[in-house]
Structures are given as C-alpha cells and as structure tokens.
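Chain letters run A, B, ... following the sequence lines, proteins first and then strands; every chain starts at 1.
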Amino acid sequence: MKDVFIELEKCQGCKSCELACAVEHSKAKTLFAAISETPLPRKRVFVEYVDGKRFPIQCRHCEEAPCVAICVSGALSRDESRALVTHSKERCIGCGMCVMVCPFGVITREMGSKVITKCDRCKDRDEPACVESCPVGALVFTDMEELEKTRRRGVIKNVLIGGFKAS
Amino acid sequence: MIVNNQEIEAKEDSTLLQAASAMGIVIPTLCFHEALGPHGSCRVCLVEIVNGARPGLVASCTYPVEEGLVVETNNTKVLKTRRIMVELLLARCPDSTKIRGLANDLGIAEPRFDKENESCILCGLCVRVCREIGINSVGFIQRGTNREVTTPFQKPSEVCLGCQACAFLCPTGAIKFEDVAEERKVEKWKTSIKLQRCSSCSRPFFPEPLQLYLKEKELLVPENIGLCEVCRRKSLGSRLASILSRKSTV
Ligand code: SF4
Ligand code: SF4
Ligand code: SF4
Ligand code: FES
C-alpha cells in the first residue's frame, strides 16, 4: 500500500507543496484561476519548523485515528482498503471536534466553509499534488518495500512514517 | 419507479430525494442534512407524485420510495408551489444570502408578502445537530407564529459546548458566535463561554466545556491538551517520538 512519506532532512521550506495542494483543491485546478476563486481554495499540507529544520506535514491517515473516533456524524471514516482517512462534506456537521483532537494539528476549520478541511490524498489523481510539486523530493509517495530498498542504498536518511499510536 | 419520465431502480428504504440525487437530479433543500436526516419543515424539496397510492405534492426528503411510483420533480405545479414556499421564506428572512440565492434560482426578485426581518426559518438544524452531539442545549418553544428556537427558559445555556456546529449548519446565518478576548459569545443563545488560551501562542481557542467533553471521551493526547492546532503542528518535533506509531531513522 502506498503512503506519503516525509523525508525530514530534505525540505528546503519553499512551500511548493502548500501551493500545489491548494491549486489541486480549487475548482479550476490551475494557479491562475485558483487565486480569484471565492472561497479561496485551501491547502491541506503545512510546512513547519521542527528542531530547527523545515518539514511538510499533512494528515498521517492514522490507523487508530482520534478524529474518526470523535466524529459523531460519521463524516470521517477510515477506508481500510485504501488505508485512508476520508471525509464526507455532506455528512460533516462542522462541530470541529476533529480539529481539537488531531495530534498533528492538520485539520482546519473556517467559519463560512461549513465543513472542515483535511488531506484527501488527492482523490482525483494517482500521485498526490504535493509529492509531484516538491523540487527536492522531500515528499515521497511509495510503499514500505520500495522505501526500504531506497533506504538501503543510502539515499534516504530520516523518514516520517505512519500516524498516531494510542500510547 | 419513474422519475421525470425516466425509469429507475431505487434502493429500498431510501427517500425520493435520495433516489433522485442518485440519478443526478438536483432538488433544492434547506432543512435536510445527510447526517441528521429529514425533518420536512421547509417544504422547499417538494415533488409531485403523479401516480401512486396518494397522489399530490410531497416533501421528497421524507417520502419513502415505493414500487411503481411516478414522480415529477420539476413540473409547473411543483415549481409554482416551490416558488411560493421560497417566497414566504424570503419575506420572513429578506437578508439571508442562502434564501436570496434560492429565490434567485427560481426567478423571484422580491417577495409579494410583507417582510418580517426575521433571521430564523425554524428549520431545526441547530436543534437537531445539538441533539446529535448529545448536548440538547437548544429547542423549540411555543406553536404557530410565536414558535422559536431558544435555550431552556430563554436563559444562558448551562450545557453549550461552544463547538459552533449550530452556527456552521444554520442556512440563514441567524446564529453568530463572536470571540472577544477569553469569551465566546453567542447572542442568539444568550450564552457566553470561557475560552482557554493556547499554552504556546496564548491565543484563546479552546472552549472549556468542549475540553471537558473531549477529556471525558479520552481522546485528547496528553501532550496536546492546551495546544491550539497551529502550535500542535509547530511543536511536532518535541512530540513526534511519543505520538508517532512508526518513525524510521538510519
Ligand atoms: S493525522 Fe489527524 S486528521 Fe489525519 S487521521 Fe490522524 S488524527 Fe485524523
Ligand atoms: S467537524 Fe465534521 S468531520 Fe469533524 S468531527 Fe465534526 S462532523 Fe466529524
Ligand atoms: S496528498 Fe494531496 S491533499 Fe494531501 S497534502 Fe498532498 S496535495 Fe494536499
Ligand atoms: S428539505 Fe425537505 S422539507 Fe426541507
């Protein structure tokens, strides 16, 4: 099963992923048209500083996701066949409880949007937009087996894998 | 069933609205929400049963599908009645953007009825969402023209979590929350809720009753309590080792 892995050492903080994500979730899907849309399309990936280094973070699609556990409406659920935590705009009641419980802080909510926003791993494309846009390959879309192979070759050093564990 | 002259197979136990939207037919709704189910109060989703046990206009969000039903969602009679329903709502809430939009789609510029300057259409979404969360902070009082949604005894709510779901769902924007310093105020419910500040950036963000509610459900990671979502991302470095299921380092 493929996952988005984050290489902690590579990110340069250019925020290409943030931009690509917002554009992918716009109506027109082009940067030119996206910037004049109302509401403005929103990003689902965030470039943050960690231990003095930049790195991108988006939903980890946790196996035991606290956001799924708290969601009373059933809007958030885990699609085991694709190992994804999915969100239904139609079912969401906008209570924002998931925003409060996500250990990674990657769900956002804004008044006016009615619902929350989170990574859907780009449901309309094969390779997620953030991965494709990263100029230095800090985001990698691959499976564990492939990752191990690359790692043995010494190309990859420090990778973020998987999501939340309940202690 | 036959919907708009098209023969369809609908799932048993579904409603006319569900069957129609499965076919890609759009029926406007106001008081319906997927997670909260039908309510049948706004009557905007009217359709006509042309042939069936009880022919006539029905609310498609509540009406169950039946074998052999012939339904029309867009004929003159439906549109005429829907227009009147929306016109009445527009007269009640002339300032609601959502109802203005709906009226516009139906070709209504100004209502012919006296304007009321109300903001609530009594769709009950706020009441139902609060019940769904298990809080029941607001409800309907009285009947007829004096009917309104409010807190028990019209006093500040003692149970409101401050989650704002009611405001998110309200189709007319009648419920407005405002955060002023460490208070989250909601005039419609005459209620004010204490907000806890983020322990890192000191932004007031966490309604105290909501925090208690989430603590009881044991879904707050100890390292997270007191951190707003932005600071939760920013402080990941120090927390990664303890919250991540797998981290790989060579
Ligand atoms: S990272 Fe946050 S949003 Fe994603 S599955 Fe885990 S708890 Fe849910
Ligand atoms: S805001 Fe939506 S997705 Fe999040 S917990 Fe509430 S209903 Fe579920
Ligand atoms: S996978 Fe898609 S939705 Fe998720 S962060 Fe990347 S670009 Fe955004
Ligand atoms: S949506 Fe069916 S009555 Fe309101």
Side-chain angles (χ1 to χ4, degrees), chain A residues 5 8 46-53 55 57 60 62-64 66-67 69-75 88-97 99-109 111-116 144 147-148 151-152 154 156-167, chain B residues 21 32-36 125 128-135 161-171 173 176-179 205-207 210-211 213-214 217-225 227-240 242-250:
Chain A
F5 299 100
L8 297 179
F46 308 85
V47 178
E48 302 290 354
Y49 266 116
V50 173
D51 299 337
K53 294 188 197 90
F55 94 89
I57 182 96
R60 307 316 302 146
C62 308
E63 274 162 58
E64 293 171 44
C67 63
I70 197 64
C71 183
V72 288
S73 73
S88 151
K89 222 169 85 200
E90 285 70 37
R91 289 202 77 85
C92 179
I93 54 173
C95 66
M97 306 225 183
V99 178
M100 293 300 183
V101 300
C102 170
F104 301 91
V106 290
I107 305 186
T108 52
R109 174 176 80 152
M111 202 40 95
S113 77
K114 300 262 174 201
V115 291
I116 56 103
M144 272 310 261
L147 189 78
E148 282 302 323
R151 209 154 59 124
R152 264 182 259 124
I156 286 179
K157 292 202 186 72
N158 202 344
V159 222
L160 203 115
I161 306 168
F164 173 70
K165 62 155 188 238
S167 51
Chain B
S21 57
F32 172 78
H33 188 279
E34 247 197 63
L36 305 174
L125 277 169
R128 286 181 287 149
V129 78
C130 199
R131 191 192 304 139
E132 178 78 13
I133 297 173
I135 302 300
L161 296 177
C163 76
Q164 300 176 304
C166 52
F168 268 80
L169 287 197
C170 176
K176 287 194 183 69
F177 281 82
E178 201 192 354
D179 290 0
F205 82 107
F206 212 155
L210 179 60
Q211 191 177 78
Y213 173 92
L214 293 174
K217 306 241 169 204
E218 295 180 8
L219 278 165
L220 287 175
V221 183
E223 289 94 332
N224 282 347
I225 299 181
L227 283 176
C228 74
E229 65 274 17
V230 180
C231 293
R232 238 176 286 147
R233 288 198 302 267
K234 295 204 185 301
S235 73
L236 265 179
S238 53
R239 296 182 301 123
L240 267 182
S242 57
I243 60 172
L244 207 60
S245 56
R246 285 172 290 162
K247 185 187 177 201
S248 156
T249 319
V250 243

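- There is no contact between B:Cys231 and chain A, counting heavy-atom distances below 4.5 Å.
- Residue B:Tyr213 touches chain A through its side chain alone, counting heavy-atom pairs closer than 4.5 Å.
- Most heavy-atom pairs under 4.5 Å with chain B: of the set A:Cys62, A:Cys92, A:Cys67, this distinction falls to A:Cys92.
- Only the side chain of B:Leu214 comes within contact range of chain A, judged by heavy atoms closer than 4.5 Å.
- Interface remark: B:Leu169 contributes backbone and side-chain atoms alike to the contact with chain A (heavy atom separation under 4.5 Å).
- Contact annotation: the side chain of B:Leu36 never approaches that of B:Arg131 to less than 4.5 Å [non-hydrogen atoms, C-beta and beyond].
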ask   = Please walk me through it: do B:Gln211 and B:Leu220 pass side-chain contact (heavy atoms from CB on, under 4.5 Å)?
value = CA-CA 9 Å; B:Gln211 191 177 78; B:Leu220 287 175; 4.2 Å; yes
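- Looking at heavy atoms from C-beta onward, B:Leu236 lies out of side-chain contact with A:Glu48 at the 4.5 angstrom threshold.
- Looking only at side-chain heavy atoms (C-beta outward), A:Met97 and B:Leu161 come within less than 4.5 Å of each other.
- Between A:Phe164 and B:Val221 there is a side-chain heavy-atom pair separated by less than 4.5 Å.
- Heavy atoms of A:Ile93 lying under 4.5 Å from chain B belong to its backbone as well as its side chain.
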